[in-house]
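Data first, discussion second: the structure below is written as structure tokens.
Computed from heavy atoms alone, side chains included, the values below leave out hydrogens, waters and symmetry copies.
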Amino acid sequence: MTRAVDTSQELAAFLRSRRERLDPLDFGLPPRRQARRTPGLRREEVAELAGVSIDYVVRLEQARGLRPSVDVVEALAKALRLAPEERAYLFDLTQQRPRNADRLATAAAPPLARLVADLSPLPAMLMNHRYDILAWNGEMAGLLLDFDTLPPSQRNSMWLCLMHPRIREFYVDRERVVREGIAHLRAAWAAHPEDQALTGLITEFTAHNEEFARLWAERDIMVNGRGRKAMRHPDVGLIAVDFEVLTPLQDPDQRLVIYRAADDESQSAFDRLCAR
């Protein structure tokens with residue numbers, strides 16, 4: 001069962017996983033007489049690279065309740081060669097990244113809902129950090145499905161991708177789409193430890209979906225605001241879209257998602273879809 005974030009335990013597991021994936025040869029470390037029993041860097045090597053004591057790294061990895069300073073978190077991020085999304089996750093786990101005091105979004109801000117409608121004929125929708133779909137226009141409903149036919153609890157992009165029979169087969173590169181979505185949820189989970197609805201969603205997915213449980217355990221972190229997806233639409237065939245995710249300054253817990261056709265063939269498919 002996934003609980004509300006136990007930051008000490010998650011920090012320990014995250015640091016171990018990132019230390020163990022590193023190749024000592026990439027750091028130019030001298031060979032050791034004693035063979036390595038586990039993959040990756042040793043704790044003393046991370047401590048040396050980060051400029052902290054070995055005992056400090058040991059206590060962090062044993063979840064003994066330490067709260068590293070900003071300087072130590074930055075040093076660990078550099079020593080472990082964390083990607084930007086992973087670095088942000090580490091700052092969230094250590095509670096050193098400033099948090100937005102605004103309430104979590106459970107409904108679309110009216111100006112943003114109007115903007116989603118005004119973006120027609122581009123497919124657009126509004127989501128919060130946990131992938132709840134708060135607003136959409138007709139083009140997005142035509143491309144994906146009519147969200148009005150779903151109960152509110154199922155108007156969630158990750159739920160649809162994992163559980164909905166049609167959407168499960170909708171994406172050409174489904175493995176990548178699901179993996180990136182789960183990596184986003186993990187980042188959101190650390191950034192919003194007080195969000196019991198998000199924790200409940202992750203618990204449900206972990207208990208009832210083997211694919212989610214497997215990928216969640218890998219602890220990948222990603223916040224992907226731009227990219228391309230290929231979709232198999234039942235009426236018009238293959239559609240490739242470029243997507244953009246924008247965060248409004250006034251409502252930072254809401255994400256505006258906009259799709260555009262990625263090529264001429266996809267634009268033709270869009271046109272046929274709108275004509276229907």
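Heavy atoms only, all atoms of each residue included: R176 and K229 are closest at NH2-CA, 4.2 Å. Taking both residues in full, the closest heavy atoms of V70 and Q96 are given as CG2-OE1, 3.5 Å, listed atom of the first, atom of the second, then distance. In terms of heavy atoms, P24 sits closest to L41 at CA-CD2, 3.6 Å. Residues A63 and S8 approach most closely at CB-O, 3.5 Å, considering heavy atoms. In terms of heavy atoms, L22 sits closest to A79 at CD1-O, 4.1 Å. Closest approach of L76 to L60, counting heavy atoms only: CD1-CD1, 3.8 Å.
R81 forms a cation-pi arrangement with F27, by the criterion of a distance under 6.0 Å to the ring centre and an angle within 45° of the ring axis.
Under the 4.5 Å side-chain criterion, counting only non-hydrogen atoms from C-beta, V172 is in contact with R232. When side chains are defined from C-beta on, R87 does not count as touching K78, because their heavy atoms never get closer than 4.5 Å. Within the 4.5 Å cutoff, the side chain of R186 has no heavy atoms near those of the D220 side chain. Using a 4.5 Å cut-off on side-chain heavy atoms (C-beta onward), L160 and L150 make contact. The closest side-chain heavy-atom distance from N128 to R255 is not below 4.5 Å. Considering only heavy atoms from C-beta on, L11 comes within 4.5 Å of L90 through its side chain.
Legend: residues meeting side-chain contact (heavy atoms from CB on, under 4.5 Å) with R214, ordered by chain and number and at least two apart, are E175, R179, E211, E218. Every residue two or more places apart in sequence or in another chain was checked for a ring pair (Phe, Tyr, Trp, His ring centres under 6.0 Å) with H233, and none qualifies. With sequence neighbours left out, the side-chain contact (heavy atoms from CB on, under 4.5 Å) criterion links A107 to no other residue.
The structure places CZ of R43 at 10.5 Å from CD1 of I54, a figure rounded to the nearest 0.5 Å. The CZ atom of F212 lies 14.5 Å from the CH2 atom of W159; values are rounded to the nearest 0.5 Å. Put simply, CG on L273 and CG on D235 are 7.0 Å apart, with the number rounded to the nearest 0.5 Å. If you take CG on L66 and CZ on R64, they are separated by 7.5 Å, rounding to the nearest 0.5 Å. We find the CD-CG distance between E180 and D173 to be 8.0 Å, quoted to the nearest 0.5 Å. Rounding to the nearest 0.5 angstrom, the gap separating the CZ atom in R18 from the CD atom in E86 is 4.5 Å.
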Check: residues 238-246 side-chain donor-acceptor pairs under 3.5 Å, at least two apart:
unit_1, atom_1, unit_2, atom_2, d
D242, OD1, R228, NE, 2.7
D242, OD1, R228, NH2, 3.2
D242, OD2, R228, NH2, 3.2
E244, OE1, R226, NE, 3.0
E244, OE2, R226, NE, 2.9
E244, OE2, R226, NH2, 2.6

Side-chain donor-acceptor pairs under 3.5 Å in residues 136-148, sequence neighbours left out?
unit_1, atom_1, unit_2, atom_2, d
N137, OD1, A124, N, 3.2
N137, OD1, E139, N, 3.4
N137, OD1, M140, N, 3.0
N137, ND2, V116, O, 3.1
N137, ND2, L122, O, 2.9
E139, OE1, S120, OG, 3.2
E139, OE2, S120, OG, 2.6
D146, OD1, D148, N, 3.1

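Side chain to side chain, D132 and N156 meet the donor-acceptor criterion of an N or O pair below 3.5 Å. Between D263 and S266, the side chains place a donor N or O and an acceptor N or O closer than 3.5 Å (distance only, hydrogens not considered).
For R272, the CZ atom counts as densely surrounded, since its 6.0 Å shell holds more than 12 non-hydrogen atoms of other residues, nucleotides or ligands.
The only option from T203, D195, L201, I202 that meets the side chain to side chain contact (heavy atoms under 4.5 Å, CB included) definition with T199 turns out to be T203.
A donor-acceptor pair under 3.5 Å is absent between the side-chain atoms of D251 and the main chain of Q254, judged by distance alone. Listed for the R130 side chain is no donor-acceptor partner under 3.5 Å among the backbone atoms of A197. Listed for the R174 side chain is a donor-acceptor partner under 3.5 Å among the backbone atoms of C161.
Y89 and F91 end up in the same hydrophobic cluster when Ile, Leu, Val, Met, Phe, Trp and Tyr side chains are linked at under 4.5 Å. One hydrophobic cluster, built from ILVMFWY side chains closer than 4.5 Å, cannot hold both L185 and L134; they sit in different ones. Residues I182 and L93 are members of one and the same hydrophobic cluster, defined by side-chain heavy-atom contacts under 4.5 angstrom among Ile, Leu, Val, Met, Phe, Trp and Tyr. Hydrophobic clustering, with ILVMFWY side chains joined whenever heavy atoms are under 4.5 angstrom apart, keeps L126 apart from V257. Residues Y259 and L256 do not share a hydrophobic cluster, clusters being chains of Ile/Leu/Val/Met/Phe/Trp/Tyr side chains in contact below 4.5 Å.
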Inset, instruction - List the steps and the verdict of side chain to side chain contact (heavy atoms under 4.5 Å, CB included) for F205 and L215. - result: CA-CA 11 Å; F205 291 156; L215 294 174; over 6 Å; no
Legend entry - Derivation and outcome, salt bridge (charged side-chain N to carboxylate O under 4.0 Å, His left out), residues R16 and E10: CA-CA 10 Å; R16 286 195 302 270; E10 180 59 22; over 6 Å; no
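Classification of the H192-H129 ring pair by plane angle, with boundaries at 30° and 60°, yields parallel.
Residue pairs meeting the salt bridge (Lys or Arg N to Asp or Glu O under 4.0 Å) criterion with at least one member in residues 151-171: none, sequence neighbours excluded.
Checked against the 6.0 Å centroid threshold, H184 and Y131 count as a close aromatic pair.
Between D118 and R114 there is no salt bridge, since none of the side-chain N atoms of the basic residue sits less than 4.0 Å from a carboxylate O of the acidic one. Between R42 and E61 there is no salt bridge, since no side-chain N of the basic residue sits under 4.0 Å from a carboxylate O of the acidic one.
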